[in-house]
Protein chains: 2
Amino acid sequence: MAKRATTKDKILNAAEALFAEHGFEQTSLRQITALAEVNLASVNYHFGSKKALIQAVMARYLEVFMPALDQQLAQLQQQSLISTRQVFDCFREPLKQLSSVRKGGPTLFLSLLGFAYAEIQGHLRRYTMDHFGAVMERLLAVLHMANPQLSPVDMFWRLHFVLGATVFTQVSGPALREIAAADFGETVRADQIVDKLIPFLAGGVDAVSPA
Amino acid sequence: MAKRATTKDKILNAAEALFAEHGFEQTSLRQITALAEVNLASVNYHFGSKKALIQAVMARYLEVFMPALDQQLAQLQQQSLISTRQVFDCFREPLKQLSSVRKGGPTLFLSLLGFAYAEIQGHLRRYTMDHFGAVMERLLAVLHMANPQLSPVDMFWRLHFVLGATVFTQVSGPALREIAAADFGETVRADQIVDKLIPFLAGGVDAVSPA
DNA sequence: CATAGTTTAAAACATGCGTTTTAATTTATA
DNA sequence: TATAAATTAAAACGCATGTTTTAAACTATG
């Protein structure tokens, strides 16, 4: 049956590729429509605005990722003893499953998420909270189970340190991988960065608070 | 003697305030000259370009901060046993000294640095490396002394995780402090975030590597 | 087949940006 | 004080952006 790619899908795919590489603000509608080989005005016809297009691009991934993450967290939540490391490991499987959305999906999604958070777009933050606020709450709950000694406000800050390190690594991932390859002769696949990141994050969250 | 503020200084001060609040790209020359109450063209007359203005704003802080940091690192370098925590504590005093540049200097500088790194501006990266590359090398050397078990490439990645967490915290600092105050009723001064950040960073860098 | 509805196409619009140009004005120098 | 230089002022330039408009082309339906 495979019908030809619709204009709407061509736009989504081109936008996703460019957004993941250069960020949302840095990508113009003209770049997107040129890559998609469609007319400029069709973006506003199909999506209404650039903001709505950004949300549509993110939604394709979030709708797969968030329920999967929620399930992992819920499963972990049933245990009585939880480590921070286990919490972060909950992200591994949902991330891998994004390969079913698209080849290279996990990396693309993390890049998009990085830019989304980096260019603090109010409308995306709102969208995420409206649709997946429950998942975020469960994440905080599980993290608190893993670190009952941390006060809620300290956990709040550390969770944002975690977000910062993660987001930033993804946004500057390609550049950093180039430098690493040049300086250390060690090629690092995009998905391997997560393996290096998770121990760092867990160590940071578990660190003893200062007097 | 105190002569009136020159146009050049009025531009620098206005630019600094706006850059620290909204970032470099998000701040237009028209906003700057409006706040400074000077003519738009005077920016290009005194500085040549927006890029050069950005560098001039950063230079006022870097010229104070970098030598002070270098001195702290050099002092630590003489010890035989060095902890990661000690390395990050080296940033405290140089940061405090920026209060002499301006009231709120430490916070302003960290915000500027955050945006500078976030909006990966090649010209700023080049400027920093050209002028203060030796300091960065010393930092890496001291960090390696504190963590000889970490391979250079692993240290490279962890250092960038550190940068990511730091930068991001500063860029979204005001927003996060608002949320923290609203959700936990705990007001956090901008400079206190560093106190929460440093243990996290040290814990992350010291974390044991995965098999 | 004819026609109503959907989609694509091309062009223009309105806005904001960094920068440049030209002229007026202030400041310093001899 | 007369003159040259430095600075400020006002306007326009050239370009890129997201969005809107108007007309043409396609597609499905009766």
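In what follows, every chain begins at residue 1, and chains take the letters A, B, ... in the order their sequences are listed.
In this entry the distance linking NE2 of B:H22 with C1' of C:dG16 reads 17 Å, nearest Å. The interatomic distance linking B:I11 (CD1) with D:dA9 (P) rounds to 10 Å, in whole Å. In this structure, the CG atom of A:N39 is 16 Å from the P atom of D:dA23, given to the nearest Å. The distance from atom CD1 of B:I32 to atom C1' of C:dG16 is 15 Å, rounded to the nearest whole Å. Note: OH (B:Y45) to C1' (D:dT7) measures 5 Å, nearest angstrom.
Legend: residues meeting ring pair (Phe, Tyr, Trp, His ring centres under 6.0 Å) with B:H131, ordered by chain and number and at least two apart, are B:Y127. Applying the side chain to side chain contact (heavy atoms under 4.5 Å, CB included) criterion to B:D206, with sequence neighbours excluded, gives B:T84, B:N147.
Within the structure, every pair that satisfies the salt bridge (Lys or Arg N to Asp or Glu O under 4.0 Å) test and touches residues 86-95 of chain A, not counting sequence neighbours, is listed here: A:R85-A:D89, A:D89-A:R92, A:R92-A:D195.
Here the closest non-hydrogen pair linking A:F200 and B:R158 is CE1-O, 3.8 Å.
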Pairwise N/O distances under 3.5 Å, protein to nucleotides 14-19 of chain D:
residue, atom, partner, partner atom, Å
D:dG18, OP1, A:K50, NZ, 2.8
D:dG18, OP2, A:L29, N, 2.9
D:dG18, N7, A:R30, NH1, 2.8
D:dG18, O6, A:R30, NH2, 2.9
D:dT19, OP2, A:N44, OD1, 3.3
D:dT19, OP2, A:K50, N, 3.0

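The side chain of B:H46 places an N or O atom within less than 4.0 Å of a non-bridging phosphate oxygen (OP1 or OP2) of D:dT8. The side chain of A:T7 places no N or O atom within less than 4.0 Å of a non-bridging phosphate oxygen (OP1 or OP2) of C:dT7.
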Acceptor/donor pairs from residues 39-49 of chain A side chains to any protein atom, 3.5 angstrom cut, sequence neighbours excluded:
residue, atom, partner, partner atom, Å
A:N39, OD1, A:A41, N, 2.9
A:S42, OG, A:N39, O, 2.4
A:S49, OG, A:A52, N, 3.2

Listing, residues 58-67 of chain B side-chain donor-acceptor contacts under 3.5 Å, not counting sequence neighbours, or none:
residue, atom, partner, partner atom, Å
B:R60, NH1, B:N13, OD1, 3.3
B:R60, NH2, B:N13, OD1, 3.2
B:R60, NH2, B:E16, OE1, 3.0
B:Y61, OH, B:E16, OE1, 3.4
B:Y61, OH, B:E16, OE2, 2.8
B:Y61, OH, B:R102, NE, 3.4

